[in-house]
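For reference, the structure is listed below as structure tokens.
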Amino acid sequence: MKAKITATARYLPKRTLSNQDLEKMVDTTDEWIRSRTGIEKRHLVAEGEATSDMGKKIADQLLARSGKSAEDIDLILVATSTPDYLVVSTAAMVQDKINAVNAWGFDIVAACTGFIYAMETGVKMIESGKYKNVIVIGADTMSSIINYADRNTCIIFGDGGGGVLLEPSDNDIGVLDSILYTDGSGSKYLNVPAGGSVQPASKDTIEKKMHYVIQDGKTVFKFAVKNMADVSKEIIDKNGLKGDDISLFIPHQANKRIIDATAKRCGLHEDQVFVNINRYGNTTAGTIPIAIDEAVEMSRLAKDDLLLLAAFGGGFTWGSMLIRWGNV
């Protein structure tokens, strides 16, 4: 038994922050941001809008598009680095908001690779034979942990998310393979220093702005270029494929230069690669599911197409996934 995607969805908040807006906030320019990241604008949540609110909108779309009821859902997995609360999972909040009374769920924290980690978890739950309808969501409210006076980070990130419904498949349609990695020694290069058990919230941590994302951009870029490219090539080679066999490559949308380097390493042409970073920036766990839903909407995926996913994130985490597409 395999697990297949039977519905897709995405949600982007209405409010936007353009490069021109950022020019008024920090020492940067539209040209500088575009040339180094490929980003033109990003979306930000409305006041009072949380990650679970985005998750609810995504889950509602999945139910409507699949014809399922909330009672049909067995499991809800939410990949996020910006949960509503520290103790209660965002998955539990989504479960309550859509009234999925028969579902249980939990969050998965793997930064930008979170959606692939959550997909792998959902796939194995389906393959166990115990679960039939699994919602997998990747969503982040990055504006809640970004210092908009720090030009190294505020230009990169946006808010948003997407998701899929996984169901059993008894043929070759579905998730074929995945490769996942973690290297915790990279945690010091991309992190939120305070708010956990190492540095509990205090007046001092707040005054020192330790509850915002910090990153060593050069180190993260170097690791991301190598590892996202390597793991993408690894899964292609492992399955006896070549670049031309891949119908569509959806990479994590962190930086256009990283995407281009990965595509080149895998022998992929420009028309095989899905890019939307210019419109949304880096929504961390949200980038891949947002792109999957857009690709479906744009008819970029057809039955029996091979879809390749790849991501790299803080932790460090990275991974790839190979999917044979069905009728979605």
Side-chain angles (χ1 to χ4, degrees), residues 5 8 10 12 18-19 30-43 112-113 115-116 119 138 155-158 160 162 164 176-179 217 220-284 286-313 318-325 328:
I5 293 172
T8 67
R10 70 184 186 273
L12 282 308
S18 69
N19 292 349
D30 172 57
E31 190 280 329
W32 192 94
I33 297 171
R34 287 180 189 238
S35 64
R36 285 162 177 78
T37 68
I39 302 169
E40 299 172 17
K41 67 176 183 177
R42 63 287 300 139
H43 289 245
C112 302
T113 318
F115 182 73
I116 296 181
M119 278 286 289
I155 66 169
I156 298 169
F157 296 98
V164 302
L176 304 179
D177 197 7
S178 62
I179 301 173
V220 172
F221 182 87
K222 177 182 175 182
F223 272 79
V225 167
K226 181 182 187 305
N227 289 323
M228 200 164 91
D230 284 353
V231 77
S232 300
K233 184 68 164 59
E234 183 180 356
I235 201 168
I236 289 173
D237 292 345
K238 179 184 174 186
N239 287 273
L241 302 171
K242 295 181 180 179
D244 289 342
D245 296 316
I246 302 300
S247 303
L248 189 65
F249 174 46
I250 296 182
H252 167 54
Q253 308 286 309
N255 184 295
K256 182 62 164 55
R257 291 183 293 164
I258 297 173
I259 293 170
D260 291 343
T262 302
K264 182 178 180 180
R265 175 93 160 77
C266 295
L268 300 171
H269 305 295
E270 185 177 352
D271 60 357
Q272 294 172 277
V273 184
F274 195 95
V275 178
N276 62 10
I277 189 173
N278 56 312
R279 289 177 282 128
Y280 307 131
N282 182 352
T283 55
T284 61
T287 67
I288 289 176
I290 289 170
I292 291 174
D293 187 54
E294 284 197 328
V296 170
E297 188 177 90
M298 297 166 64
S299 299
R300 294 283 300 273
L301 287 164
K303 188 175 182 296
D304 291 323
D305 278 356
L306 284 178
L307 170 64
L308 174 63
L309 311 178
F312 178 91
W318 65 103
S320 60
M321 180 168 278
L322 186 66
I323 302 170
R324 187 171 297 283
W325 199 252
V328 178

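Count residues from 1 along the sequence.
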Pairwise side-chain contact, L248 with D305, heavy-atom cut-off 4.5 Å (strictly under): no

Rounded distance [0.5 Å steps], SG in C112 versus CD in Q253: 11.0 Å

Pairwise side-chain contact, R42 with N19, heavy-atom cut-off 4.5 Å (strictly under): yes

Flag side-chain contact, heavy atom, 4.5 Å: W325 against I5: yes

Exam field: side chain S247 to backbone L306, donor-acceptor pair closer than 3.5 Å: yes

Distance in Å, K222 NZ paired with I258 CD1, rounded so as to fall on 0.5 Å steps: 13.5 Å

Exercise: identify the closest heavy-atom pair between V225 and A261: CG1-CB, 4.0 Å

Residues D260, K256: salt bridge by 4.0 Å N-O rule: yes

Nearest non-hydrogen partners of I277 and N255, listed with the distance: CD1-N, 3.4 Å

Separation of F274 CZ from T287 OG1 (nearest 0.5 Å): 11.0 Å

Nearest heavy-atom neighbours spanning G313 and T113: N-OG1, 3.2 Å

Pair R34 + E40: basic N to acidic O under 4.0 Å: yes

Nearest atoms (heavy-atom pairs only) where L12 meets G160: CD1-CA, 4.0 Å

Separation of I39 CD1 from N282 CG (nearest 0.5 Å): 7.0 Å

Aromatic F221 / basic R257 pairing, under 6.0 angstrom, 45° off normal: yes

Side-chain heavy-atom pair V275, I259 within 4.5 angstrom cut-off: yes

Trace of the side chain to side chain contact (heavy atoms under 4.5 Å, CB included) decision for I246 with L322: CA-CA 9 Å; I246 302 300; L322 186 66; 4.0 Å; yes

Side chain to side chain contact (heavy atoms under 4.5 Å, CB included) assessment of I236 paired with K242: CA-CA 6 Å; I236 289 173; K242 295 181 180 179; 5.5 Å; no

Verdict with reasoning, M119 to V164, per side chain to side chain contact (heavy atoms under 4.5 Å, CB included): CA-CA 9 Å; M119 278 286 289; V164 302; 3.6 Å; yes

Stepwise side chain to side chain contact (heavy atoms under 4.5 Å, CB included) check, L241 with L308: CA-CA 11 Å; L241 302 171; L308 174 63; over 6 Å; no

Heavy-atom side-chain contact between S232 and T262 under 4.5 Å: yes

From CG (D230) to OG (S320), nearest 0.5 Å: 10.5 Å

Closest non-hydrogen atom pair, M321 against I116: CE-O, 4.1 Å

Side-chain heavy-atom pair W32, I155 within 4.5 angstrom cut-off: yes

Exercise: identify the closest heavy-atom pair between D177 and I235: O-CD1, 3.7 Å

Nearest-0.5 Å distance, CD of residue E31 to CZ of residue R36: 7.0 Å

Heavy-atom side-chain proximity of I292 to F115 below 4.5 angstrom: yes

Check: H43 ring centre within less than 6.0 Å of Y280 ring centre: yes

